Amino acid sequence: MGNSALKAHLETAQKTGVFQLTGKGLNEFPEDLQKLTSNLRTIDLSNNKIELLPPLIGKFSFLKSLALNNNKLTSLPEELCKLKKLETLHLNGNHLRQLPAAFGQLSALKTLSLSGNQLRTVPTQLSGLRHLDVVDLSKNQIQNVPDTVGELQAIELNLNQNQISQISVQISHCPRLKVLRLEENCLELSMLPQSILSDSQISLLAVEGNLFEIKKLRELEGYDKYMERFTATKKKFA
């Protein structure tokens, strides 16, 4: 892509606050964007070949939305965690194994998508995010869900298509969790905490494609309580 094309994009971005350059084979984050640190509210660089997110990302203090789906990121810089206004972060289809230690400082974050990465556990940093609504960790290599999940504030947690065989009973203590997706994992019925059914806020539990038949779930103690929540929620949205 020529400099003139990039220049045109930068000029548009300066007016609109949106910089979108997707599917252009970019190998790196465009350095020229730092001229717009105070303008930009949205950056979308999805479907490129970016391997590194530079520390200068931390300078975009007004950024609300950042999308880098389908790139080649293996890690994220700590500076990313300075983005106090960031509400939406899409990083699907990269090679991320972990999140920066200070990730919990992204205090405005509402939506986090990390589908199709190489995470092995539910990042503990997520528990510090008070405004988190939706977390997508599907298609990773997660094997267990740790106790820290109990502090997660999310309303929806998607863990489909992982390798989960163990879930902390703490998950039933999530104060706002309504939707829990666990399809296509390695769960035995005995490893599914019954408190999810009997004693949680969860009103949609998706567990198809594990190591038990769905009809066996209906025999568990607490299933009636779960169905009450399920039906009440369904009525609300009907």
Side-chain angles (χ1 to χ4, degrees), residues 46 69-70 88-99 110-124 126-127 129 132-238:
S46 297
N69 295 327
N70 305 317
T88 309
L89 181 57
H90 291 294
L91 294 162
N92 300 325
N94 280 284
H95 308 295
L96 299 170
R97 291 170 183 268
Q98 59 194 44
L99 298 179
K110 291 180 181 174
T111 303
L112 175 63
S113 303
L114 285 161
S115 180
N117 278 282
Q118 294 169 18
L119 299 173
R120 292 181 175 272
T121 185
V122 177
T124 54
L126 302 187
S127 301
L129 298 168
L132 208 53
D133 289 335
V134 179
V135 183
D136 185 353
L137 298 173
S138 61
K139 300 181 183 173
N140 275 280
Q141 296 161 16
I142 298 170
Q143 295 174 6
N144 62 20
V145 180
D147 287 349
T148 47
V149 76
E151 293 161 39
L152 190 68
Q153 297 289 325
I155 296 168
E156 175 167 345
L157 176 59
N158 186 342
L159 291 164
N160 289 347
Q161 291 178 284
N162 277 285
Q163 299 153 20
I164 297 168
S165 58
Q166 283 185 309
I167 301 179
S168 166
V169 68
Q170 296 296 327
I171 199 162
S172 48
H173 297 162
C174 289
R176 298 167 67 213
L177 193 63
K178 298 272 193 279
V179 178
L180 178 58
R181 301 185 187 280
L182 286 163
E183 295 182 9
E184 295 180 49
N185 276 286
C186 309
L187 280 168
E188 304 269 359
L189 191 57
S190 59
M191 297 312 285
L192 190 71
Q194 291 201 9
S195 55
I196 289 178
L197 298 172
S198 60
D199 193 23
S200 78
Q201 303 287 320
I202 296 165
S203 55
L204 178 64
L205 176 65
V207 287
E208 283 78 9
N210 278 282
L211 307 178
F212 59 86
E213 293 176 50
I214 290 297
K215 64 173 190 243
K216 294 274 187 224
L217 184 67
R218 297 178 197 136
E219 295 163 13
L220 288 185
E221 202 176 323
Y223 188 78
D224 298 351
K225 274 190 173 172
Y226 162 68
M227 278 315 288
E228 280 172 26
R229 295 193 303 273
F230 177 80
T231 312
T233 308
K234 236 178 162 176
K235 280 192 185 125
K236 219 174 359 187
F237 294 120

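Bear in mind the structure is a predicted one, so any value in this text is a computation, not a measurement. When a residue number appears, it is its place in the shown sequence, counting from 1.
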Tell me, do R120 and Q143 make a side-chain contact under 4.5 Å, heavy atoms counted? yes
Salt bridge (charged side-chain N to carboxylate O under 4.0 Å, His left out) between R181 and E183: does it pass, once the steps are laid out? CA-CA 6 Å; R181 301 185 187 280; E183 295 182 9; 5.2 Å; no
Flag for S203-T233: side-chain donor and acceptor within less than 3.5 Å: yes
Just by distance, do the side chain of R229 and the backbone of L197 share a donor-acceptor pair under 3.5 Å? yes
Is there a side-chain contact (heavy atoms from CB on, under 4.5 Å) between L152 and L157? Walk through the geometry before answering. CA-CA 9 Å; L152 190 68; L157 176 59; 3.9 Å; yes
Test item: I164 and N144 side chains (from C-beta on) under 4.5 Å apart, heavy atoms: no
What's the spacing between S113 OG and L91 CG if we round to 0.5 Å? 8.0 Å
salt_bridge(K225, D199) N-O dist < 4.0 Å: no
For the side chain of N140 and the backbone of S138, is there at least one donor-acceptor N/O pair under 3.5 Å apart? yes
For the pair L126 and L99, evaluate side-chain contact (heavy atoms from CB on, under 4.5 Å) and give the outcome as yes or no after the intermediate values. CA-CA 9 Å; L126 302 187; L99 298 179; 4.0 Å; yes
Taking atom CG of L180 and atom SG of C174, what is their separation to the nearest 0.5 Å? 8.5 Å
Side chains of Y226 and L220: closer than 4.5 Å at any heavy-atom pair? no
In the structure I gave you, are the side-chain heavy atoms of L205 and V179 within less than 4.5 Å of one another anywhere? no
Quick check: does any side chain N or O of N158 sit under 3.5 Å from a backbone N or O of L137, one acting as donor and the other as acceptor? no
With side-chain hydrogen bond (donor to acceptor under 3.5 Å, both in side chains) as the test, pick out the partner of Q118 among R97, K139, Q141, Q98. R97
S127 versus T148, side-chain donor and acceptor atoms under 3.5 Å: no
Say whether S172 and S195, considering side chains only, have a donor N or O and an acceptor N or O under 3.5 Å apart. yes
Is it the case that atom CD in E221 sees more than 12 heavy atoms from other parts of the structure closer than 6.0 Å? no
Measuring from I155:CD1 to D133:CG, what's the distance to the nearest 0.5 Å? 4.0 Å
Give, for atom CD of Q166 and atom CG of L192, the distance between the pair rounded to the nearest 0.5 Å. 12.5 Å
Is there a donor-acceptor contact under 3.5 Å from the side chain of N185 to the main chain of N162? yes
Using the side-chain contact (heavy atoms from CB on, under 4.5 Å) rule, take H90 and T111 through it: C-alpha gap first, then chi angles, then the decisive distance, then the call. CA-CA 8 Å; H90 291 294; T111 303; 4.1 Å; yes
Of all the heavy-atom pairs spanning L159 and V145, show the shortest one and how long it is. CD1-CG2, 4.0 Å
Does some side-chain heavy atom of L187 sit less than 4.5 Å from a side-chain heavy atom of L211? no
Which atoms form the tightest heavy-atom contact between S198 and G222, and what is the distance? CB-CA, 3.8 Å
Between NZ of K234 and CE of M227, what distance do you get to the nearest 0.5 Å? 7.5 Å
If I take atom CZ from residue R176 and atom CD from residue Q153, how far apart are they, to the nearest 0.5 angstrom? 6.0 Å
Would you confirm whether N69, through its side chain, and N92, through its main-chain N or O, come within 3.5 Å as a donor-acceptor pair? yes
Could you walk me through whether D136 and L112 pass side-chain contact (heavy atoms from CB on, under 4.5 Å), step by step? CA-CA 6 Å; D136 185 353; L112 175 63; over 6 Å; no
Within the structure provided, determine whether Y223 and E219 are in side-chain contact (heavy-atom separation under 4.5 Å). no
Could you check if a side-chain atom of I167 sits within less than 4.5 angstrom of a side-chain atom of L182, using non-hydrogen atoms only? yes
Quick one: are V134 and K110 in side-chain contact, heavy atoms under 4.5 Å? no
Do D147 and S168 have side-chain N/O donor and acceptor atoms under 3.5 Å apart? yes
